[in-house]
Amino acid sequence: MHTAMEFASPVKFTVWEDGFDWEYVGMIHRLDPFTKAIYLELENEKGHIIKVKFEDLVAVVVME
């Protein structure tokens, strides 16, 4: 994830929410180690940032 932030590469997150797997694609905006969350700026909705908890992550793929 740090490599994706450093080189401004988009990532695809698979997240477990409410019993379903959801996929989000975007740029990592910020990592917060205190609240254990990642802020992801969505690719298809410019300016929209979602908060993903570390514990909800299923997979992370760096897209190049």
Side-chain angles (χ1 to χ4, degrees):
M1 286 192 279
H2 284 286
T3 304
M5 288 179 65
E6 182 177 346
F7 295 110
S9 299
V11 293
K12 179 170 68 170
F13 281 2
T14 304
V15 179
W16 180 261
E17 290 180 36
D18 299 325
F20 297 98
D21 285 339
W22 298 94
E23 289 189 352
Y24 299 105
V25 177
M27 303 289 283
I28 297 176
H29 182 69
R30 180 166 64 104
L31 297 174
D32 190 348
F34 298 110
T35 61
K36 294 181 174 74
I38 302 165
Y39 293 85
L40 182 71
E41 183 174 356
L42 297 179
E43 184 177 69
N44 58 354
E45 299 177 34
K46 296 294 181 191
H48 187 75
I49 297 176
I50 62 168
K51 179 179 172 183
V52 178
K53 295 179 184 177
F54 288 172
E55 63 193 35
D56 294 339
L57 282 176
V58 175
V60 178
V61 177
V62 177
M63 304 170 72
E64 296 184 26

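Everything quoted here is computed from the prediction, not taken from an experiment.
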Do you know which two heavy atoms are closest between [X] and [Y], and how far apart they sit?
X     : Y     : value
Glu41 : Lys46 : OE2-C, 4.4 Å
Val25 : Met63 : CG1-SD, 4.0 Å
Met27 : Ala8  : CE-O, 3.1 Å
Leu40 : Tyr24 : CD2-CB, 3.8 Å

Could you measure the distance from the [atom1] atom of [X] to the [atom2] atom of [Y]? Nearest 0.5 Å is fine.
X     : Y     : atom1 : atom2 : answer
Asp56 : Lys51 : CG    : NZ    : 11.0 Å
Arg30 : Tyr39 : CZ    : OH    : 4.5 Å
Lys12 : Glu43 : NZ    : CD    : 11.5 Å

Side chain proximity check, [X] to [Y], heavy atoms < 4.5 angstrom:
X     : Y     : result
Val62 : Phe7  : no
Trp22 : Thr14 : no
Phe13 : Ile28 : yes
Ile50 : Val15 : no

Is Leu42 linked to Trp16 within one hydrophobic cluster, defined over Ile, Leu, Val, Met, Phe, Trp and Tyr using a side-chain heavy-atom separation of less than 4.5 Å?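 Shared cluster, no.
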Kindly work out whether a path of hydrophobic side-chain contacts (I/L/V/M/F/W/Y, heavy atoms less than 4.5 Å apart) joins Val52 to Met1.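 Per the 4.5 Å side-chain linkage, Val52 and Met1 are co-clustered.
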Decide yes or no on side chain to side chain contact (heavy atoms under 4.5 Å, CB included) for Ile38 and Leu57, but give the supporting numbers first. CA-CA 10 Å; Ile38 302 165; Leu57 282 176; 3.7 Å; yes
